[in-house]
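The chains referred to below are lettered A, B, ... by the order of the sequence lines, with proteins before strands, and numbering in each begins at 1. Computed from a predicted structure; not experimentally measured.
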Amino acid sequence: VTLDELRRLDGAKLRYALMDLAKEVDGAIALGRGDPDLDTPAHVVEAARRALAEPVQSLQPVPGMPALRAAIARRALGDHGLEVDPEQVLVTTGGQEGLFLVISALLDPGDEILVPDPRYTSYDQAIEHAGGVSVTVPTHPEDAFDLRAEAVAARITPKTKALLLVTPSNPTGGIITPGEAEKIAELAKRHGFIVISDEIYGKFVWPPHEHVSIGALPGMAEHTITLSGFSKAWAMTGWRVGYVIAPQDAIQGMAALKAATTGPVANVSQAAALAAAEGDDACIDAFREVYAERRALMAEGLSAMGCTTPTRAAASSSGPTARPRGCARSSSPTCCSRRRACWCSPDRLRRRLERLPAHHHAAADRGAARGGGTHDAGRAALRRRGQGTFVTPEAASTREDQRVIRTNEEQLVEIAVAGAISAPAFARGPFLPDNDGLAVVRPGMYGYVYNVRVGDPAFGWQGDHVEPGASIDHPDSGVHHALHYLTCMGNEAVVTSGLAAGARGRVVGEHARILVDFDPEVHDRLCVGDTIQIRAKGRGLRLLDVPNVELKKMSPELLHAMHLSVEGGKVHVPVALELPVKVMASGAELNSEYVDQDLTSGDRAYMREAGIDRLRIGDIVAIDDADHYWGRGYRRGYRAIALCIHGDSVMTGHGPGILTLMAGTADDIEWSIDPQANIARYLQIRETL
Amino acid sequence: MPLAVPLAARVEALRGVPAAGRDGADVEVPAAAREASLDALARGETHYTDRPGILPLRQQVAALLAARHGVEVDPRGGVVITCGVTEARFVAVQQLLPAGTGTLVALTRGERVAAACVVRGVRFLGPERAVDGPAVLYLTGDAPATVRDPWLARAGEQGWPVVFEVGEDGFHPAKAGLAEQTVTIGALGLEQGLEAWRIGFLAAPSATAGPLRDFKQALTICTTNLSQWGALALMEANA
């Protein structure tokens with residue numbers, strides 16, 4: 001596997017490739033596989049032995065052996081606090097198939113599912129197969145990676161069909177606390193989504209913490225599907241037995257799916273699982289003691305190496321996988337400030353690989369020469385190929401340095417600029433030629449658009465270049481240009497004449513006019529011609545720790561709202577979408593300080609294939625290999641962060657427009673997908689998208 | 001108490017689709033398989049196996065395909081052991097057909113793959129139907145030559161993938177020059193009493209097999225450890 005090949009991989013495929021690399025390294029220890037090295041308990045093995053010795057056997061029903069379903073139903077009360085009927089149990093070919101069936105049974109194409117991150121990347125494959133959309137919910141080391149209800153709430157949309165709750169979490173060991181479980185349960189009931197509660201590691205939570213099954217909370221039975229299995233708690237990975245607990249209609253649906261996927265689980269495995277389910281937990285208690293000792297040893301070793309671990313780590317972990325909980329950096333794929341050991345999620349690693357330029361190879365070799373630690377094996381394997389490295393942070397900045405975005409904003413000048421709400425105007429008659437040569441008339445540019453706002457889709461309107469909210473301008477050329485060059489996104493605006501005088505809004509775009517959002521409550525009082533004054537501030541704003549990045553039309557307010565982080569000399573930017581540079585069209589000839597650049601959206605099929613048709617007005621987007629320092633052109637290794645400011649266009653070579661917010665190179669800017677990265681959220685214009 | 005949200009459309013679409021497979025008649029399991037699995041149990045074979053399956057079993061599958069059908073596959077990169085032939089069919093349909101837009105033409109025994117097509121949201125046709133555009137062929141070893149040969153010729157011309165479920169006779173689409181575009185699937189020991197052991201395989205040129213293997217891993221990680229050892233013993237006994 002070469003570095004170039006790794007760059008093209010994603011999620012689980014990247015994980016498999018890295019595992020293959022690690023196989024070639026002597027002494028490498030696999031920490032990525034949740035396969036207990038302990039033996040399956042003796043009474044379970046004995047039950048299997050008896051089943052195998054039977055000369056006559058018969059195929060079991062697809063939903064599972066009736067006795068096993070009944071035993072799981074009985075155990076559900078003790079393990080999960082769930083009172084269920086055996087008909088509410090589906091026996092699956094490991095927990096993995098259970099997850100696949102649940103996702104397939106729930107998600108239609110386009111449905112969104114909230115997934116805590118860092119996460120087990122096999123979730124992604126099941127979601128992708130169903131056509132669902134993963135919306136990641138970040139968890140943080142300072143919270144011991146526990147999922148927070150407020151983080152969930154911030155990402156709920158009308159398309160949210162489910163939340164994937166994993167407690168304890170693989171790979172972080174984060175758990176759901178009783179208080180957060182109650183809050184999330186309320187969210188599920190209020191917004192009408194399903195909680196998929198993956199509790200495969202539920203036996204491995206240590207006092208004073210407790211395992212919480214959210215399905216047992218009042219009113220949650222019809223909002224919860226619980227997943228678990230025998231692999232982890234009974235060291236039975238090779239037997240492939242898991243189970244799903246859900247309302248009966250869902251179990252029937254999943255059983256129909258299971259008939260198509262694998263059919264019933266192997267007889268001998270079900271017989272063994274029956275013995276496990278009917279036995280007591282003495283064997284599990286013994287496993288817990290072993291894991292507790294190992295966890296303490298691991299924590300001690302990590303501590304000696306300089307890794308920080310949350311205090312809660314002493315009490316709770318994901319057990320068999322023995323992963324350290326917590327790390328010193330919240331946004332880094334590596335955790336150890338001394339760089340001797342690290343963990344990373346494949347997605348973050350992939351992002352780093354994508355951005356790893358050739359000249360970092362030498363630095364990688366220097367890092368490998370320092371040596372020592374878990375991922376040094378992979379690093380050395382890559383280095384042997386002369387291809388590259390596992391990524392380590394180049395900067396030795398402190399944790400505080402990474403969190404605080406240092407700027408020069410105290411030096412900025414704040415000045416009033418002004419314009420008036422324009423009236424729609426047709427420069428060359430009303431007809432526009434569309435991509436198929438038809439002449440059409442569409443509204444959208446200039447004036448005041450009542451029913452399109454930032455956060456709304458950029459595609460799908462019977463309009464052209466639809467500008468959200470108020471479009472303001474000034475007839476004097478000099479004032480016009482000052483209005484354009486000095487106004488920054490996020491600046492505050494106030495109406496200074498007319499019935500709406502005193503109403504306040506926010507600058508959310510710059511097209512041929514400056515675009516200002518106002519609360520719909522003032523719509524009826526705003527008129528064409530009303531004057532609007534803007535407190536323009538942002539010109540000259542810089543990131544002190546990433547000096548090569550040029551900020552354009554960026555107010556300090558927006559900058560601080562965008563959840564940026566700086567690490568290793570790079571600024572990390574959440575974006576809603578990546579736009580391929582090949583679709584960037586009209587406006588390339590303009591300088592990047594003035595108005596916008598359109599996509600060319602005429603190839604509708606490609607827009608769908610690339611997911612660009614999901615673009616929303618106000619989305620923050622990334623464009624790789626785009627140089628926006630002085631103009632907006634193609635240049636390899638350069639990178640731009642931009643804001644979608646208007647809707648699609650019927651005109652050839654036109655489409656939704658983007659305004660440059662940051663110009664830099666791949667060495668200066670890195671990005672990750674956050675579907676909620678939209679100026680409407682950042683400026684608190686809309687609570688949900 | 002029903003679930004609070006409607007299930008996905010594919011679940012509703014599965015209602016009325018016939019399920020492949022048989023219900024639980026008693027069958028006698030060969031002693032060789034039972035004894036080998038007991039030995040494996042005594043050795044502690046209770047953990048995940050290699051994701052594509054234990055290598056000796058993959059080698060046996062490759063040897064069987066070479067001996068019976070004249071097809072060469074790489075046991076390391078081209079063979080995946082599955083949870084019964086059901087999983088092999090499902091994996092092949094999900095990976096070879098584009099979601100929502102593909103077409104599968106089942107020449108024989110279409111009921112075996114009908115549900116998998118519904119899950120994938122693809123068109124499912126019999127051999128009597130006209131096909132416009134690309135398609136995937138599914139056929140079993142007992143497909144009549146009069147039906148089979150014209151469609152295989154068309155698959156060869158169009159470059160369509162073929163999913164072939166092996167039978168007892170020696171025919172294989174490779175004989176029509178389609179070795180590179182055929183995914184071969186089958187059950188192991190199904191007719192010899194191992195139906196409840198849930199063991200099957202898929203085999204393909206390595207470049208094709210890679211994505212199939214990855215999808216199988218995402219679906220069930222690996223196949224039941226003890227079943228693999230039992231099937232291996234049975235194949236060795238038969239060989």
Asks: Between the side chain of A:Arg240 and the main-chain N/O of B:Asn225, is any donor-acceptor distance below 3.5 Å?
Replies: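 Pair absent, no side-chain N/O of A:Arg240 close to backbone of B:Asn225.
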Asks: Please look at A:Ile251 and chain B and tell me whether the side chain, the backbone, both or neither of the residue comes under 4.5 angstrom of a heavy atom of that chain.
Replies: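 Neither part.
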Asks: Would the number of heavy atoms belonging to other residues, nucleotides or ligands and lying under 6.0 Å from CD of A:Glu46 be above 12?
Replies: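 Yes, CD of A:Glu46 has more than 12 neighbouring heavy atoms, counting only those of other groups under 6.0 Å.
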Asks: Compare every heavy atom of B:Thr224 with every heavy atom of A:Ala266, then report the nearest pair and how far apart it is.
Replies: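 Minimum heavy-atom separation between A:Ala266 and B:Thr224: CB-OG1, 4.0 Å.
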Asks: For atom CD of A:Glu83, is the number of surrounding heavy atoms from other residues, nucleotides or ligands below 6.0 Å larger than 12?
Replies: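 It does not: A:Glu83 CD has 12 such atoms or fewer within range.
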Asks: Quick one: are B:Leu3 and A:Leu106 in side-chain contact, heavy atoms under 4.5 Å?
Replies: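 Yes, close enough: below the 4.5 Å cut-off.
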Asks: Counting only non-hydrogen atoms closer than 4.5 Å, does A:Ala48 touch chain B with its backbone (N, CA, C, O), its side chain (CB onward), both, or neither?
Replies: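 For A:Ala48, backbone and side chain are both near chain B.
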Asks: Is B:His47 reaching over with its side chain to a backbone N or O of A:Met236, donor-acceptor style, under 3.5 angstrom?
Replies: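 No; judged by distance alone, with no hydrogens or angles, the pair does not exist.
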Asks: With chain A, which of B:Ala116, B:Gly193, B:Pro2, B:Cys83 has the greatest number of heavy-atom pairs at distances under 4.5 Å?
Replies: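 Max contact count across the listed options: B:Pro2.
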Asks: Between A:Leu107, A:Asp39, A:Val62, who has the most heavy-atom pairs with chain B when the cutoff is under 4.5 Å?
Replies: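 Among A:Leu107, A:Asp39, A:Val62, the one with the most close pairs to chain B is A:Leu107.
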Asks: Under 4.5 Å from any heavy atom of chain A, what part of B:Ala218 do you find: side chain, backbone, both or neither?
Replies: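 Both backbone and side chain of B:Ala218 come within 4.5 Å of chain A.
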Asks: Please state whether the side chain, the backbone, both or neither of A:Ile225 comes within less than 4.5 Å of a heavy atom of chain B.
Replies: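 Just its side chain gets close to chain B.
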Asks: Among A:His129, A:Lys189, A:His223, A:Gln270, which residue forms the greatest number of heavy-atom pairs with chain B at distances under 4.5 Å?
Replies: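 Looking at each of A:His129, A:Lys189, A:His223, A:Gln270 in turn, A:His129 comes out on top.
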Asks: Can you tell if the side chain of B:Glu87 reaches within under 4.5 Å of the side chain of A:Thr261, non-hydrogen atoms only?
Replies: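 With C-beta onward as the side chain, the pair stays apart.
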Asks: Sort out for me which of A:Gly263, A:Ala256, A:Pro264, A:Ser269 touches chain B most, counting heavy-atom pairs under 4.5 Å.
Replies: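 With the most close heavy-atom pairs to chain B, the winner is A:Pro264.
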Asks: First locate atom CG of A:Asp35, then atom CD1 of B:Ile221, and finally report the distance between them rounded to the nearest 0.5 Å.
Replies: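 Separation between the atoms: 9.0 Å.
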Asks: Any non-hydrogen side-chain atom of B:Glu35 less than 4.5 Å from a side-chain atom of A:Leu52?
Replies: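 No; the side chains remain at least 4.5 Å from each other.
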Asks: May I ask you to check whether over 12 heavy atoms, not counting those of B:Arg129, lie within 6.0 Å of atom CZ?
Replies: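 Check fails, neighbour count at 12 or below.
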Asks: Could you grab the distance from atom CG of B:Leu7 to atom CD of A:Gln252, nearest 0.5 Å is fine?
Replies: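 Taking CG in B:Leu7 and CD in A:Gln252, the distance rounds to 10.0 Å.
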Asks: Would you please test A:Val56 and B:Val27 for side chain to side chain contact (heavy atoms under 4.5 Å, CB included) and show each step?
Replies: CA-CA 5 Å; A:Val56 175; B:Val27 292; over 6 Å; no
Asks: Please say which of A:Glu222, A:Gln88, A:Gln248 ends up in a side chain to side chain contact (heavy atoms under 4.5 Å, CB included) with B:Met1.
Replies: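 Among the candidates, only A:Glu222 passes.
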Asks: About how many Å separate OG of B:Ser37 and CZ of A:Arg49, when rounded to the nearest 0.5 Å?
Replies: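 Rounded to the nearest 0.5 Å, the CZ-OG separation comes out at 13.5 Å.
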Asks: So, taking the atom named CD in A:Gln125 and the one named CG in B:Asp214, what distance separates them when rounded to the nearest 0.5 Å?
Replies: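 So the CD of A:Gln125 and the CG of B:Asp214 are separated by 7.0 Å.
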Asks: Against chain A, label B:Gln228 side chain, backbone, both or neither, depending on which of its atoms sit under 4.5 Å from a heavy atom there.
Replies: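 The answer is neither part of B:Gln228.
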Asks: On a heavy-atom basis, which atom in B:Ala115 and which in A:Ala260 lie closest, and how many Å separate them?
Replies: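 Heavy-atom minimum between the residues: CB-CB, 3.6 Å.
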Asks: As an exercise, state the distance from OG1 of A:Thr40 to CG of B:Leu41, rounded to the nearest 0.5 Å.
Replies: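 If we round to the nearest 0.5 Å, A:Thr40:OG1 and B:Leu41:CG are 8.0 Å apart.
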Asks: Side chain, backbone, both or neither: which part of B:Arg15 has an atom under 4.5 Å from a heavy atom of chain A?
Replies: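 Contact with chain A involves no heavy atom of B:Arg15 at all.
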Asks: Considering only heavy atoms, which portion of A:Val241 lies under 4.5 Å from any heavy atom of chain B: side chain, backbone, both, or neither?
Replies: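 Neither part.
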Asks: Of all residues at least two apart in sequence or in a different chain, which pass the side chain to side chain contact (heavy atoms under 4.5 Å, CB included) check with B:Cys117?
Replies: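 Side chain to side chain contact (heavy atoms under 4.5 Å, CB included) list for B:Cys117, sorted by chain: B:Val93, B:Leu104, B:Val122, B:Phe124.
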Asks: So do the side chains of B:Arg198 and A:Leu59 get within less than 4.5 Å of each other, counting heavy atoms only?
Replies: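 Yes; the side chains approach each other to less than 4.5 Å.
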Asks: How far apart are the closest heavy atoms of A:Gly192 and B:Val5, and which atoms are they?
Replies: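 Looking at all heavy atoms of both residues, the shortest contact is O-CG1, 3.3 Å.
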Asks: Is chain B contacted by the side chain of A:Ala130, its backbone, both, or neither, given a heavy-atom distance below 4.5 Å?
Replies: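 Contact with chain B involves both backbone and side-chain atoms of A:Ala130.
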Asks: B:Ser227 versus chain A, heavy atoms under 4.5 Å apart: side chain, backbone, both or neither?
Replies: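 Only the side chain of B:Ser227 comes within 4.5 Å of chain A.
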Asks: So does B:Ala9 get a backbone contact from the side chain of A:Asp108, meaning a donor-acceptor N/O pair under 3.5 Å?
Replies: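 Indeed, once roles are kept as given, a pair shorter than 3.5 Å links the two residues.
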Asks: Drop me the distance from A:Phe100's CZ to B:Phe90's CZ, to the nearest 0.5 angstrom.
Replies: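 Result: 4.0 Å between the selected atoms.
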Asks: Donor-acceptor pair, distance only, cut-off 3.5 Å: does the side chain of B:Arg10 make one with the backbone of A:Ala105?
Replies: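 Not at all, since once roles are kept as given, no pair shorter than 3.5 Å links the two residues.
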Asks: Heavy-atom distance under 4.5 Å between the side chains of B:Trp197 and A:Val268, does that happen here?
Replies: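 Side-chain contact under 4.5 Å: no.
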Asks: At a heavy-atom separation under 4.5 Å, does B:Thr82 approach chain A through its side chain, its backbone, both, or neither?
Replies: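 For B:Thr82, neither part sits under 4.5 Å from chain A.
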Asks: Considering only heavy atoms, which portion of A:Asp111 lies under 4.5 Å from any heavy atom of chain B: side chain, backbone, both, or neither?
Replies: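 Neither the backbone nor the side chain of A:Asp111 comes within 4.5 Å of chain B.
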